[in-house]
Amino acid sequence: MTRATAIPETMTIHVPFRVVKRGGRKEMHLPDGAATQRRPDNALVKALARAFRWKRMLESGEFASISELAAREGIAFTYMARLMRLSLLSPELVDAVMDGRQPAHITLANLMDPFPADWKEQHALWSDVN
């Protein structure tokens with residue numbers, strides 16, 4: 001059996017995407033509307049876990065102060081204090097981070113900057129949390 005037209009040996013497929021550095025790694029960003037599999041930001045998830053763990057240790061009375069806890073963990077007090085602010089994030093934002101649904105601009109580096117403690121203000125600031 002023969003074919004009337006030859007089958008091309010190569011095929012070119014164009015997939016629009018851009019490569020973005022995020023947390024020291026490169027990620028592929030597809031255009032808006034493209035179906036993507038969501039993955040949690042591991043650095044952000046780890047930072048949230050540490051923040052809530054440290055908060056629980058302080059609230060339980062295991063450590064008297066952040067300074068004492070920081071010394072025990074071998075971490076600079078200032079870094080620990082900034083990271084512990086993550087425990088003030090709204091539950092909806094924490095859930096979004098854990099599920100990998102947070103907007104691309106919400107990274108650990110961005111959350112290390114001061115943000116409002118009020119959950120309504122957080123939602124207004126990060127209104128595209130889905």
Side-chain angles (χ1 to χ4, degrees):
M1 179 183 230
T2 61
R3 294 184 183 250
T5 58
I7 299 173
E9 292 188 25
T10 60
M11 181 186 301
T12 303
I13 299 174
H14 295 277
V15 180
F17 72 92
R18 61 188 172 103
V19 177
V20 177
K21 281 190 175 182
R22 183 171 179 181
R25 292 187 295 171
K26 293 179 182 174
E27 286 187 356
M28 185 171 63
H29 283 226
L30 299 174
D32 291 336
T36 61
Q37 181 181 14
R38 298 180 178 203
R39 280 191 266 151
D41 180 338
N42 290 332
L44 193 48
V45 169
K46 182 179 177 182
L48 278 169
R50 292 174 90 185
F52 281 101
R53 179 178 155 255
W54 293 335
K55 180 181 177 186
R56 190 174 57 248
M57 293 168 86
L58 287 169
E59 288 175 345
S60 71
E62 187 177 345
F63 292 91
S65 67
I66 294 177
S67 299
E68 184 182 330
L69 178 57
R72 174 76 191 286
E73 295 280 318
I75 295 174
F77 165 81
T78 54
Y79 176 76
M80 181 177 275
R82 287 185 316 182
L83 205 61
M84 284 190 66
R85 282 196 312 251
L86 296 179
S87 66
L88 301 174
L89 289 173
S90 75
E92 291 83 8
L93 184 56
V94 172
D95 288 343
V97 168
M98 299 304 289
D99 293 339
R101 294 181 289 115
Q102 78 278 6
H105 67 275
I106 296 181
T107 63
L108 179 56
N110 291 342
L111 289 177
M112 293 299 279
D113 293 332
F115 57 83
D118 183 70
W119 294 347
K120 288 181 183 178
E121 291 178 32
Q122 290 176 17
H123 286 274
L125 182 63
W126 300 306
S127 61
D128 52 350
V129 173
N130 47 6

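None of the values given here were measured: they were computed from a predicted structure. Numbers here are sequence positions counted from 1.
Looking at Gln122, its side chain does come within 3.5 Å of a backbone N or O of Leu88 through a donor-acceptor pair.
A heavy-atom distance below 4.5 Å is found between the side chains of Leu111 and Ile106. Side-chain atoms of Val97 and Val45, non-hydrogen and from C-beta on, do get closer than 4.5 Å to each other. At least one side-chain heavy atom of Leu89 sits less than 4.5 Å from a side-chain heavy atom of Trp126.
By the side chain to side chain contact (heavy atoms under 4.5 Å, CB included) test, Ser65 is found to be paired with Ser67, Glu68, residues two or more places apart in sequence or in another chain being considered. In this view, Glu73 and Arg53, Trp54, Met57, Leu69, Ile75, Met80 satisfy the side chain to side chain contact (heavy atoms under 4.5 Å, CB included) rule, not counting sequence neighbours.
To the nearest 0.5 Å, atoms CG (Asp41) and CG (Leu48) are separated by 9.5 Å. Rounding to the nearest 0.5 Å gives a distance of 11.5 Å between CG of Asp95 and CD of Gln102.
For residues 76-88, no pair satisfies side chain to side chain donor-acceptor pair (under 3.5 Å), with sequence neighbours left out.
Summarising the geometry of Ala47 relative to Leu83, their closest heavy-atom pair is CB-CD1, 3.7 Å, with the distance given to 0.1 Å. Minimum heavy-atom separation, Ala43 to Leu108: O-CD2, 4.0 Å.
The cluster map of Ile, Leu, Val, Met, Phe, Trp and Tyr, joined by side-chain heavy atoms under 4.5 Å apart, puts Leu44 and Leu125 in the same cluster.
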